[in-house]
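Take a look at the structure set out below.
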Amino acid sequence: MSAPTTHRLRKALVFVASPFTLLAIWEICGRAGWLDVRFFPLPTKIAAYLFWLFREDALIVDILASLRRIGLGLLIAFVPGVLVGLAMGLSSWARMILGPIVALTYPIPKIAILPLLLIIFGLGETSNVMVVAIGVFFFALINTYDGVRQIPAIHFDVARVYRVRPWRKLTHIVLPAAFPAIFTGLKLSVGYGLILIVAAEMVAANAGIGYRIWTSWETYVIIELYASLAVISVLGVLLSVGLEALERVLAHWKGA
Amino acid sequence: MNDAPSRLTIRDLAKVFQDGEERVVAFEDIALEAHPGEFLCVVGPSGCGKTTLLRCIAGIETPTTGSIQRQLEPGAAGAEQAMVFQQHGLFPWLTVEANLHFVLRESPVPRDQHDDIVQRLLDRVGLLRFRRFYPYQLSGGMNQRVALVRAFCVQPQVLLMDEPFVFLDYQNRIVLQDLLLELWTEQRQTIVFVSHNINEAIALGDRVLVMPGAPGPFVREITCPFERPRDVVELRTDPAYQRIVVEVTKLLRQEQERSVQEGRAG
């Protein structure tokens, strides 16, 4: 085995071992009676409960419902966000007209718009998807805009000197140059989408991880609350690890 | 000096940057003629506006007044112009050869020649085996060699060079100067080469124009009477070369002092 491989293996081991150590301490404290297991159920119990939930097919339905909403939100809003970001990054007119609107709407916590969405779209799928979409739209927009603004001036000089046609300049210079920033927008969108959808599902859905958290609170099944939190955390890590891997492939030219 | 028709004619050129109330003159009263196949150098102290002048010629910036005219060869196979910058300016997401193909596609060079041109020129600068590499995988000197090839591969009628070797170490600079002369000998286009490096300008150019320290017309025009092909290192033993270098150095020192004086008076 080569040196870098062992190094990476060691890093991966630490990555897995460190949270498990914390869980072990938790388990010991719980069994020793130093922790109130009514509020902090034993990790082994939570794991067993999770296993049972999966076997009952109950949890997978919720996971898929949440992922589907995040996916649809991304699908609807990411491309428009990128397009507006490109326009604002490239045209001072677009910047002048849209800049103030974006500046005023961006700071609003997107979950605060949910009641309004519920009035407009009613209590259902559309409201849940829309709240994610609004969040995604802003992350795509802001990051694309930043990415375009930070393109080194020399790329545009080269385009000018070699008479690169406008459309090719957009597709072959601006887009690839801004791609790492756009991808950052995607990563943030997915992470924030998870936050938004869990919050929205607590009040406005009858399936989903957020919905499960809310019902476990209502029925006072604390262990199920923990099980849902575990699902969210693992889901978040898997999504971000996956996207990081994808980024390494697509933006390899950044030269890590 | 030359009765041949001019390839590039500049008259009464001035560039003024207006920043609110502040009015900064980059250069003014600039006139020059560059002939087909001529290697023209412009030297001047830093901040004299030589880069801005070149960027105006390239069409990156618009001059405030004056005219820039090109009399291009009708029906020439190559591009009107190309430019080499201080930084290589290669696209980091494209491989070496893809960077070259990208500008070739924008040029009038027939498509069926692209592969040959890329292959031949990369071979000339010793980078053929790096053609699938990305810029981040190459050294600064190698990237600047690619940038040089990028300029020559479109076979420009006018080649603009903005202190292209300024960020290279001494050894790399000599290698690149040699390669530049070699490639130019094949294509013989008009080159306008801007530099603050007096030795470089005199060793490379047919003519050297000296830019003033404060905005105004060129203060001197010097013909470099050395035979080609030239050896940029060997040339240093030539007394005529040394004499010109000293002359221009003194002139530039004078110009620098003048701009300091004018700065005080203002």
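Here the structure is a predicted model, which is why all the values come from computation and not from measurement. Within every chain, numbering begins at 1; the chains are lettered A, B, ... in the order of the sequence lines, protein sequences first and strands thereafter.
A 6.0 Å sphere centred on CZ of A:Phe15 holds no more than 12 heavy atoms belonging to other residues, nucleotides or ligands. Within a 6.0 Å radius of CG in B:Asp112, more than 12 heavy atoms belonging to other residues, nucleotides or ligands are found. More than 12 heavy-atom neighbours from other residues, nucleotides or ligands sit within 6.0 angstrom of CD on B:Gln18.
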May I have the step-by-step check of side-chain contact (heavy atoms from CB on, under 4.5 Å) for A:Lys254 and B:Tyr136, ending in yes or no?
CA-CA 7 Å; A:Lys254 271 167 69 191; B:Tyr136 79 90; over 6 Å; no

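Contacts of residues 156-181 of chain A with chain B at a heavy-atom distance below 4.5 Å involve A:Asp157, A:Val158, A:Arg160, A:Val161, A:Tyr162, A:Arg163, A:Val164, A:Arg165, A:Arg168, A:His172, A:Ile173, A:Pro176, A:Ala177, listed in sequence order.
Contact of B:Leu94 with chain A is not made at all, since no heavy-atom distance falls under 4.5 Å. Proximity to chain A (any heavy atom under 4.5 Å) is restricted, for B:Glu80, to the side chain, taken from C-beta onward. Residue contact with chain A, scored on non-hydrogen atoms closer than 4.5 Å, involves the backbone and the side chain of B:Ala82 alike.
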Show the atom names and distances, to 0.1 Å, of all donor-acceptor pairs under 3.5 Å that link a side chain in residues 144-163 of chain B to residues at least two apart or in another chain.
from     : atom 1 : to       : atom 2 : distance (Å)
B:Gln144 : OE1    : B:His88  : N      : 3.4
B:Gln144 : NE2    : B:Phe85  : O      : 2.9
B:Gln144 : NE2    : B:Pro164 : O      : 2.6
B:Arg145 : NH1    : B:Val125 : O      : 2.8
B:Arg150 : NH1    : B:Gly89  : O      : 3.1
B:Arg150 : NH2    : B:His88  : O      : 3.0
B:Arg150 : NH2    : B:Gly89  : O      : 3.2
B:Gln157 : OE1    : B:Glu73  : N      : 2.8
B:Gln157 : NE2    : B:Glu73  : O      : 3.4
B:Asp162 : OD1    : B:Thr51  : OG1    : 2.9
B:Glu163 : OE1    : B:His196 : ND1    : 2.6

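Counting heavy-atom pairs closer than 4.5 Å to chain A, the top-ranked of the candidates B:Arg105, B:Gln87, B:Gln86 is B:Arg105.
Note: B:Phe91 and A:His155 have tilted aromatic rings, judged against thresholds of 30 and 60 degrees for the angle between ring planes.
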